[in-house]
Amino acid sequence: MTHFSLRLADLRSRISTACQEFGRNPEEITLLAVSKRHPAEAIREAVAAGQHYVGENFVQEAIDKMDQTRDLDLIWHFIGHLQSNKTRLVAERFQWVQSVDRARIARRLDAQRPFHAPPLDVCIQVCLESEPGKGGVMPAGLADLATEIAGLDRLRLRGLMAIPPPSDDFEIQRGYFRHLREMRDELVAGGLQLDTLSMGMSADLEAAVAEGATLLRIGTALFGPRPGTGAE
Ligand SMILES: *Cc1c(COP(=O)(O)O)cnc(C)c1O
């Protein structure tokens, strides 16, 4: 087995253990392989092991890898901070954007999505910290943003995404994810159809599974440590 398939087997066993413990069905949980800073060959390994969903944080890095993997059948998710001068490339090249956090970005993506492509699948990134700044709409602004995005023809609002502040404490991790789930539930009660809760990374996926994650964004636990600048 390759390193990748060994890590994938470990990861699958973590997920299935968490699913058993918290009464979840593993088939409701999609794995997004977060390949930022790893080369296109790493994505090839992931595909060989059965993965099709790839997450990237940086537009140009992602496009280089897309160009190197044109022969593969992949679904690309943009999960990084999105600047307005990059929205056109994202609207043209990605299938999903998980990090929409303001109306201006949503309107640009809507206007720039090519007419021949299906609507762009979108998650709203929510800020779960008291201090804004790390990306994500503040909870108080979520309902208005969700309503606006749901009204845009070329975007399809799928759900919510968050990156909580790191914590080693399971109950603290779980509390952040519970908050995100409750916000999703409230939007659904208000009439929006949302099927995606993108939460949980290598270090906190069990807590996310416990609170209803449908999409886990996993980098390190699949690809190993990222090359380059140390920890992040
Ligand atoms: C890097 C990143 C991940 C993956 O993080 P790991 O801890 O390596 O699993 C997930 N989501 C986002 C938004 C990221 O930037």
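Read the numbers this way: they start at 1 and go in the same order the structure lists the ligands and their atoms. Everything quoted here is computed from the prediction, not taken from an experiment.
- Residue contact check: Ile218 has heavy atoms under 4.0 Å from atoms 9 (O) of ligand 1.
- Under 4.0 Å is where a charged nitrogen must lie from a carboxylate oxygen, and between Asp110 and Arg154 no such pair does.
- Residue contact annotation: Gln98 has no non-hydrogen atom under 4.0 Å from ligand 1.
- Checked against a 3.5 angstrom limit, the closest N/O atoms of Gly219 and ligand 1 fall inside it.
- Of all atoms in ligand 1, numbered sequentially from 1 with element shown, those under 4.0 Å from a heavy atom of Ile79 are 11 (N), 12 (C), 13 (C), 14 (C).
- Within the listing of ligand 1, atoms 4 (C), 9 (O), 10 (C), 11 (N), 12 (C), 13 (C) sit less than 4.0 angstrom from a heavy atom of Arg217.
- Listed by atom number, the atoms of ligand 1 under 4.0 Å from Asn57 heavy atoms are 14 (C), 15 (O).
- Of all the heavy atoms of Thr220, the ones lying under 4.0 Å from any atom of ligand 1 are found in both the backbone and the side chain.
- Annotation: Glu28, atom CD; neighbour count of heavy atoms from other residues, nucleotides and ligands within 6.0 Å is above 12.
- By the neighbour-count criterion of 12 heavy atoms within 6.0 Å, atom CG of Asp168 is sparsely surrounded, having that number or fewer from other residues, nucleotides or ligands.
- The shortest heavy-atom contact between Leu128 and Met183 is CD2-CE, 3.6 Å.
- Residues Ser198 and Gln98 bring a donor and an acceptor atom of their side chains to less than 3.5 Å of each other.
- At a threshold of 4.5 Å between non-hydrogen side-chain atoms, the residues Pro164 and Gln173 do not count as touching.
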